[in-house]
Number of protein chains: 2
Amino acid sequence: MALENSATKVLQVVKQDILAGVFAPGHKLKMSALKERYHVGVNPLREALSQLVVMQLVQVQDQRGYRVCPVSQSELIDIYDTRARIESLCVGLAIERGDQQWEADIVAAAYRLQANASLLQADGDLQSWEQLHQQFHYAIAKGCGSKELLRVRLDLYEKASRYRNLWLQHNAGHAAFDVNQKEHEQLVCAVLERDIKAAQSLISKHILVPSHVLQDLL
Amino acid sequence: MALENSATKVLQVVKQDILAGVFAPGHKLKMSALKERYHVGVNPLREALSQLVVMQLVQVQDQRGYRVCPVSQSELIDIYDTRARIESLCVGLAIERGDQQWEADIVAAAYRLQANASLLQADGDLQSWEQLHQQFHYAIAKGCGSKELLRVRLDLYEKASRYRNLWLQHNAGHAAFDVNQKEHEQLVCAVLERDIKAAQSLISKHILVPSHVLQDLL
DNA sequence: TTTAGAAATAATGTCGATACTTTAATGCCA
DNA sequence: TGGCATTAAAGTATCGACATTATTTCTAAA
């Protein structure tokens, strides 16, 4: 069961490579090179790249192949701005609808994040920390109970990944992460107290921090 | 310039056929049948279907091909609910940010919609009316100025199409459309007066009307 | 430098080989 | 005979190889 076809497998790994910056923004994705790298034929590759086009991570020019979507400051701002609003929406609905299990999951995720703060040191595994970070925020958002909203949220999270990785690297072993941790504590408090306005304000600001930092960098 | 490849062309038409209900929800999409219908080979077809999977209009089961995504009452409710919230977000931002050109475009789109109300009669072209209807609401929403938010909005609009078509057919030549027209007038007033709360409340209710009607039908 | 033509490179689509799934048929046993 | 498992056959999906067509690069003359 669950035998994945080549296209499905290669989609995951190409996507990761693009999000991780293995292929730079604007980079031409030649079939011959991709065939070599992933050891698959052109057909599964074309299927995977077609899907990445829909996800807006890859551009296609007819008869001229595929290339990684470029990044830009205006897109950075737009994505983070939209994420802040969508996440606010999720948090607001989650506070209205969340049950005790939801609360417990948030506390558990917050604990795991806190307990692994050492990952943020200069030589730490930032990607592992980011995974815990994402799981923490997802624990809050999933209380909204809307599959569609959570899908939109995930799309935007992934689209932001290329920019977020720049921020993570820039902040490695930096004091900015201390502030980040404090924001999480405040957010958990506001959420558990069911203070919608406060929680929305906090999450919105929290999401926009990397955007502000990166705007100065780009 | 603009030479489209087969996959790009076939994507549009398969998508339309699914949204229009030519292929029923759950219908198995066999390669042999699709090859025949659209006169293309399996590879362009697989590329197009892969993209429809990302758009969540088609499901893929490994080694078992593709089928049209099923519909359900819970998905209907979720999509319309999320649309109402996203559209509220767009309208709120648009009222904050819209300029005079934006206002003029809204008035123009409203006029066109009003002037073609006859399309709503029992023997009218409902799809043409729906196009004007969509253009009217887009004229309002685009004032939000966020490409990402407008993309999310469009995704949800398209995902709702299969359900919306049921509603359109059900209401053909019906009095429900009169109410609909009134709602548009009220919305334009609220928007031009820059009354965010009122406009958001109106648009939210307006979007949810088909959802309520269809819930009784399904 | 510019430009026309030719060669090389690359993208696209068709076809056929292989592997998997589904259906039909057969045989087994109560 | 009826129910059920096993096996054979038909129908599909998937993928890689090759042929075709388009683009890009190179070359050489003006």
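Fair warning: this is a prediction, and the values are worked out from it, not measured in the lab. Naming convention: chains lettered A, B, ... in sequence-line order (proteins, then strands); numbering from 1 in each chain.
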Strictly under 3.5 Å: I want the nitrogen or oxygen pairs between protein and nucleotides 14-18 of chain D, one per line.
residue: D:dT14; atom: OP1; partner: B:Q63; partner atom: N; Å: 3.1
residue: D:dT14; atom: OP2; partner: B:R46; partner atom: NH1; Å: 2.3
residue: D:dT14; atom: OP2; partner: B:R46; partner atom: NH2; Å: 3.4
residue: D:dT14; atom: O5'; partner: B:R46; partner atom: NH1; Å: 3.3
residue: D:dT14; atom: O5'; partner: B:R46; partner atom: NH2; Å: 3.4
residue: D:dC15; atom: OP1; partner: A:S6; partner atom: N; Å: 2.3
residue: D:dC15; atom: OP1; partner: A:S6; partner atom: OG; Å: 2.9
residue: D:dG16; atom: OP2; partner: A:G41; partner atom: N; Å: 2.7
residue: D:dG16; atom: O6; partner: A:N43; partner atom: ND2; Å: 2.9

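Side chains of A:N5 and A:E47: a donor-acceptor N/O pair is absent below 3.5 angstrom, by distance only.
Side chain of A:W129 to main chain of A:N116: no donor-acceptor pair is present (N/O by atom type, distance under 3.5 Å, no hydrogens or angles).
Ring planes of B:H137 and B:H206: tilted class, angle from 30 to 60°.
Going from atom NZ of B:K28 over to atom P of D:dT12 covers 8 Å, rounded to whole Å. Atom pair A:K30:NZ and D:dT23:P shows a separation of 17 Å (rounding to whole Å applied).
Checking each of B:V40, B:L45, B:N43 against B:S6 for a side chain to side chain contact (heavy atoms under 4.5 Å, CB included) leaves exactly one that passes, namely B:V40.
Look at A:E158 and A:K15 and you find a salt bridge, because one of the NZ, NE, NH1 or NH2 atoms lies within 4.0 Å of a carboxylate O, short of that distance.
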